[in-house]
Amino acid sequence: MKNFSLLTLLLLFVFSVNAQEVKFPPLDASPVDIAYFPNKAVKFKKTDTPSPAIKVTYARPSAKGRAIFGELIPFGEVWRVGANENTEIKFYKPATINGVAVPAGTYSLFAIPEKDKWTVIINKELDLWGGYAYDSSKDLVKIVVPVKATAAPVEALSIAFTTQGAVTNLVIGWDKTMVEVPISIK
């Protein structure tokens, strides 16, 4: 009986140690989102619609009344196109951007915003935090695109895709600014 009591006490101790309350972190101020091309491609069975050709994973900071481009995001400096970890773009099929062949694979997406144009960069390095360790020697594509004004301010950074004939446009919008990067999918 003594051994049984000791065993019961030992088991209760082990279970109480393992039953510690987990402290989950609060929601991130810049939640992660994903944009797909074709839009809604992952919401259907593969037999109903083509599989995605492009996927962009990014964190969505909000303006919160702040001036964004030229202040929060300085002009002329490399930006991760989002918050937290750098934005990643995955091509499921080969593509062409600005005349440069982009093999299927996953890359980082950076930009150098200016008042009237952005340099958008596809970079081979992954798993970076922000643009702090950006290495231009690993750039695959650089394309300069004009800045367009949005019809209304965009509160949270947003990425979407549009099509014009055979060209897919990667559209990045935030605050009062929008840019489009033309992509040809093979």
Side-chain angles (χ1 to χ4, degrees), residues 28-42 51-63 68-70 72-148 150 154-164 167-186:
D28 196 314
S30 299
V32 174
D33 201 356
I34 299 174
Y36 290 97
F37 176 78
N39 297 325
K40 300 180 184 178
V42 296
S51 299
I54 307 171
K55 175 173 106 174
V56 179
T57 306
Y58 65 109
R60 297 184 69 182
S62 295
I68 302 302
F69 296 105
L72 180 65
I73 309 298
F75 288 137
E77 294 183 18
V78 172
W79 174 51
R80 62 186 141 204
V81 186
N84 306 331
E85 290 189 35
N86 60 304
T87 294
E88 291 185 354
I89 184 166
K90 181 175 184 175
F91 294 92
Y92 291 86
K93 301 174 183 179
T96 302
I97 302 172
N98 200 31
V100 177
V102 178
T106 304
Y107 305 94
S108 291
L109 178 66
F110 294 100
I112 303 172
E114 296 289 347
K115 187 174 184 175
D116 59 345
K117 65 183 179 200
W118 284 18
T119 301
V120 178
I121 304 162
I122 306 292
N123 185 281
K124 296 176 192 173
E125 192 160 21
L126 296 172
D127 299 319
L128 299 174
W129 182 266
Y132 308 110
Y134 165 75
D135 181 354
S136 64
S137 71
K138 297 187 178 173
D139 290 349
L140 178 63
V141 177
K142 278 188 170 182
I143 181 172
V144 176
V145 294
V147 167
K148 299 176 181 181
T150 59
V154 178
E155 174 60 24
L157 173 71
S158 297
I159 296 178
F161 292 95
T162 62
T163 55
Q164 293 175 321
V167 175
T168 299
N169 289 307
L170 168 67
V171 183
I172 304 167
W174 193 18
D175 195 23
K176 300 171 189 165
T177 300
M178 181 178 73
V179 296
E180 296 177 319
V181 179
I183 302 170
S184 296
I185 305 294
K186 295 183 179 180

_For the residue pair T177 / D175, report whether a side-chain donor-acceptor contact shorter than 3.5 Å exists._
no
*Pick one: which of F161, Y36, F37 meets side chain to side chain contact (heavy atoms under 4.5 Å, CB included) with V56?*
F161
*Between V141, V120, L170, which is the residue that forms a side chain to side chain contact (heavy atoms under 4.5 Å, CB included) with I97?*
V141
Side chains of [X] and [Y] in contact at under 4.5 Å (non-hydrogen atoms):
X    : Y    : result
N84  : W129 : yes
L109 : I122 : yes
P182 : I143 : yes
I68  : P61  : no
K176 : F69  : no

Taking [X] for its side chain and [Y] for its backbone only, find out whether a donor-acceptor pair lies under 3.5 Å.
X    : Y    : value
S30  : A83  : no
T57  : I34  : no
E155 : A63  : yes
N98  : V100 : no
S108 : E125 : yes
R60  : L157 : yes

How close do [X] and [Y] get, heavy atom to heavy atom, and via which atoms?
X    : Y    : value
I73  : W174 : CG1-CZ3, 4.1 Å
E180 : V145 : O-CG1, 3.3 Å
L128 : F110 : CD1-CZ, 3.9 Å
P103 : L140 : CD-CD2, 4.2 Å
A29  : P31  : O-CD, 3.5 Å
F75  : K115 : CE2-N, 3.5 Å

*List the steps, then state whether side chain to side chain contact (heavy atoms under 4.5 Å, CB included) holds for I121 with Y134.*
CA-CA 11 Å; I121 304 162; Y134 165 75; 3.5 Å; yes
Nearest 0.5 Å please: distance from the [atom1] atom of [X] over to the [atom2] atom of [Y].
X    : Y    : atom1 : atom2 : result
N86  : L126 : CG    : CG    : 7.0 Å
T119 : E114 : OG1   : CD    : 7.0 Å
K90  : K55  : NZ    : NZ    : 5.5 Å
I172 : M178 : CD1   : CE    : 11.0 Å
I185 : F91  : CD1   : CZ    : 6.5 Å

*Is there a side chain to side chain contact (heavy atoms under 4.5 Å, CB included) between K186 and K93 once you walk through the steps?*
CA-CA 7 Å; K186 295 183 179 180; K93 301 174 183 179; 5.9 Å; no
